[in-house]
Amino acid sequence: MFVEKFRVDAPNLAYTSEYIESEYVYKTSQVEVIDHEAVVVPKEQKWNFRTERNVPKLGVMLVGWGGNNGTTVTAGILANREGITWRTKEGVAHPNYYGSVVMASTVCVGTMNGEDVFAPMHSMLPMVHPNDLVLDGWDINGASLAEAMRRAKVLDYDLQRQLDPLMADIKPRKSIYYPDFIAANQEERADNVLEGNDKLKHLEQLRNDIREFKSSNELDKVVVLWTANTERYSEILPGVNDTAENLMEAIKQSHEEVAPSTIFAVASILEGCPYINGSPQNTFVPGCIELAEKYNVFIGGDDFKSGQTKFKSVMADFLVQAGLKPTAIVSYNHLGNNDGKNLSSPMQFRSKEISKSNVVDDVVASNEILYKPGEHPNHVVVIKYVPAVSDSKRAMDEYTSEIFMGGKNTLVVHNTCEDSLLASPLILDLVLLAELSTRIEYKTGAMSAFDTFHPVLSLLSYMLKAPLVPPGTPVVNALYKQRCCIENLLRACLGLAPENNLRLEHRLNPRSAHAACAPSKI
């Protein structure tokens, strides 16, 4: 059964004109070693959540707005907002938000007459609708978004034709271009850049851009998201980017190891805007994280998880949870868009290789029956640039596992990924969940006042290859766990228990079922 929307009727939940307020019992288990024996101790802690009900007018600024992802997101929102249909060789196509976990997935909210009842995830709490987003952004190339859309070759011709008048007059703002951080083959595109190498001046210009965008469109909030080229890794240098103070001084001195993406992050933080890094470089150097903590502004990253890596985070978890031992995971990709062109440079590829290679680490570490401490499957990632395939990325994976009694099992997977059509819905999810998180507060323990979550917003891990987490906390890469985290947090904000799939009511013995279903005696 499916319902478009619902409300919760429970003594631990209150709907006020301003907030949705819930009381939630958070149940965990703590392991202690007593007399050389591991002892599991159940723990309970009361949490109070409140979610602001007013949905803001939200602006989104994309770094790399004229790229494949930026133009595809813009085109998708316009097509949905205007109800544009288009002809393909298979018939008339209609706009949608497929691929967005927020907009196109459901959650089980209960049962009715023994049947599960599902509702859209976006109906759980008040959320911004993508159709209502106001877009702006920067790009090192000055082409209009209509021209950039045609250059990307992502969307069907008839859709491009209808969108052209809506996008022809939209041009990105001038962006930062430091040639040392991206591949040399991007130089010919860089005709829309801020002049000079004064990084403090560039920072102030970005801050002015954000303020002007927010003011001119009468926005309540702005989220900034990097969907531009992959940069090389920045070197972490004591006295340069290791603290917030040193990072700000390094920007003033225009230090060579301050990357464009980090300057965008700093500008966003100083303007109080959540910042999300959709590429694999280490934008969030220690000083940048400290700055976000100082100003209590959300940051999230790194690297959109849309195709091969998302599948890998499912497959690795499936194999290990099935008691099989992956011994080799070999991944090959080729793609022909500008992302692939930039990644053909070794230093930029290294950033991508790191983000794609760590995705199985937590799954492997969870099972010392299969893996001895320090043991890890052979994991190889190859990416090649093949212009002919354009945005239609090819991904081939081979999973070799050790099975029962020394046997071997090999899975070979071919995945054709429409790269930007998979990444664009993730951009929407990241923006919508980041904004929602600014309206959720909690109180627990001895806290006397409500507070927001840690500025490093690990809730976004489902959409990202290399999840950024608060210092000292574990990284979770398994996709199912990541999605459960999102759903169960939304449930907690409604005072609902986590979805555990225990289904005890369906496991009753017929001889005791009637008594089991009767109200319990107190």
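- Applying the salt bridge (charged side-chain N to carboxylate O under 4.0 Å, His left out) test to pairs two or more places apart or on separate chains, those with a residue in residues 420-438 are K221-E435, E435-R439.
- Note on E441 versus R50: salt bridge recorded, some NZ/NE/NH1/NH2 to OD/OE distance being below 4.0 Å.
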Which atom pairs, donor and acceptor, lie under 3.5 Å between side-chain atoms of residues 22-33 and protein residues at least two apart or in another chain?
from	atom 1	to	atom 2	distance (Å)
S22	OG	A492	O	2.8
S22	OG	C493	O	3.4

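- Between the side chains of K310 and Q482, no donor-acceptor pair of N or O atoms lies under 3.5 Å.
- Between R173 and E212, at least one side-chain N (NZ, or NE/NH1/NH2) sits under 4.0 Å from a carboxylate O, which counts as a salt bridge.
- Without hydrogens or angle criteria, N282 side chain to F284 main chain gives no donor-acceptor distance under 3.5 Å.
- Atom OH of Y480 has 12 or fewer neighbouring heavy atoms from other residues, nucleotides or ligands inside a 6.0 Å radius.
- Between F453 and Y442, the ring centre distance stays below 6.0 Å.
- With N217 contributing its side chain and F213 its backbone, the two residues share a donor-acceptor pair below 3.5 Å.
- Of the possible polar contacts, one joining the N488 side chain to the E499 backbone as a donor-acceptor pair under 3.5 Å is found.
- Salt bridge annotation for E18-R53: absent, with no cationic side-chain nitrogen under 4.0 angstrom from a carboxylate oxygen.
- The pair D132-K57 does not count as a salt bridge, with every side-chain nitrogen at least 4.0 angstrom from each carboxylate oxygen.
- No donor-acceptor distance shorter than 3.5 angstrom exists from the side chain of T473 to the backbone of V469, with no hydrogens or angles considered.
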For residues 104-131, which side-chain N or O atoms pair as donor and acceptor with protein atoms under 3.5 Å away, sequence neighbours left out?
from	atom 1	to	atom 2	distance (Å)
S105	OG	V101	O	2.4
S105	OG	R483	NH2	3.0
E115	OE2	M1	N	2.8
D116	OD1	R503	NH1	3.0
D116	OD2	R503	NH1	3.2
D116	OD2	R503	NH2	2.8
S123	OG	P120	O	2.6
H129	ND1	N131	N	3.0
N131	OD1	Y97	OH	2.5

